[in-house]
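Source: prediction; values computed, not measured.
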Amino acid sequence: MLTAFDLEVRGEIYDSFSRRGRAPGLDYLRRPDVADSLQRLAEAHVVVLNPDGKLRMAMPFSNVPTAFSVTWERQCWWANCAWDALGIGVALGLPVAIETFCPDCGETLRATDDEVVHVANPAARWWADIVDT
């Protein structure tokens, strides 16, 4: 069960992503109380951690570069997938531009947040392998 502190940590993470395009710094994330909170957040599927315990995802944001960049003016975020790329614009209430590439031919693909996306893997199965979905 998530604690009030866990919800504060979640808020810090999302605030940092929205303002800076990345998670809070390691000095914050490595504090013992925060590290414990990250574990609880991961168990609740709020965030995804790397095997070394570092923050990888706080959906729809990625803390590592991905094939999906989302921009608004001069701010840039990484999204975990096309679905999350659309979610960043919605979550922030911003008219974002999305860029990725065709995995078959390598052609650059650009879209705005009002495009239609087809997702081959049903959402009910995403958590079976959330990193590679």
N/O donor-acceptor pair under 3.5 Å between Asp15 side chain and Glu12 backbone: no
Side-chain contact, heavy-atom cut-off 4.5 Å: Phe5 with Asp33? yes
Compare all side-chain heavy atoms of Val48 with those of Trp127 and state whether any distance is below 4.5 angstrom. yes
With rounding to the nearest 0.5 Å, note down the distance linking OG1 in Thr71 to CG in Leu94. 10.5 Å
Any donor-acceptor pair under 3.5 Å linking the side chain of Asn50 with the backbone of Asp52? no
Indicate yes or no for a side-chain donor-acceptor contact from Trp77 to the backbone of Phe61 under 3.5 Å, with no hydrogens or angles considered. no
Rounded distance [0.5 Å steps], CG in Leu38 versus NZ in Lys54: 13.0 Å
With a 3.5 Å distance limit and no angle check, can you tell me whether Ser18 reaches the backbone of Tyr14 through a side-chain donor-acceptor pair? yes
Spell out, yes or no, whether Leu55 and Leu2 are grouped together once hydrophobic residues are joined by side-chain heavy atoms under 4.5 Å, including indirect joins. yes
Are Val70 and Phe101 connected in the hydrophobic side-chain network, where two residues link if heavy atoms are under 4.5 Å apart? no
Do any N or O atoms from the side chain of Ser16 and from the backbone of Arg22 form a donor-acceptor pair under 3.5 angstrom? yes
So which atom in Ser62 and which in Asn80 form the shortest heavy-atom distance, rounded to 0.1 Å? CB-OD1, 3.1 Å
Rounding to 0.5 Å, atoms CG (Leu49) and CD (Glu43) come to a distance of 9.5 Å
If you count the non-hydrogen atoms of other residues, nucleotides and ligands that lie under 6.0 Å from CG in Asp104, is the total more than 12? no
CE of Met1 to CZ of Arg40, rounded to nearest 0.5 Å, is 11.5 Å
Determine whether a donor-acceptor pair (N or O, by modelled atom type, separation under 3.5 Å) exists between the side chain of Thr66 and the backbone of Ala79. yes
Report the distance from atom CG of Asp84 to atom CH2 of Trp78, rounding to the nearest 0.5 Å. 14.5 Å
To the nearest 0.5 Å, tell me how far Cys102 SG sits from Leu109 CG. 6.0 Å
Please tell me whether Phe17 and Leu86 are part of a single hydrophobic cluster in this structure, the criterion being side-chain heavy atoms less than 4.5 Å apart. yes
Quick check: do Thr108 and Glu99 have side-chain heavy atoms less than 4.5 Å from each other? yes
If Ile, Leu, Val, Met, Phe, Trp and Tyr residues are connected whenever their side-chain heavy atoms lie under 4.5 Å apart, and connections chain through other members, are Phe68 and Val96 in the same group? no
Backbone of Ile13 reached by a side-chain donor or acceptor of Arg10 within 3.5 Å: no
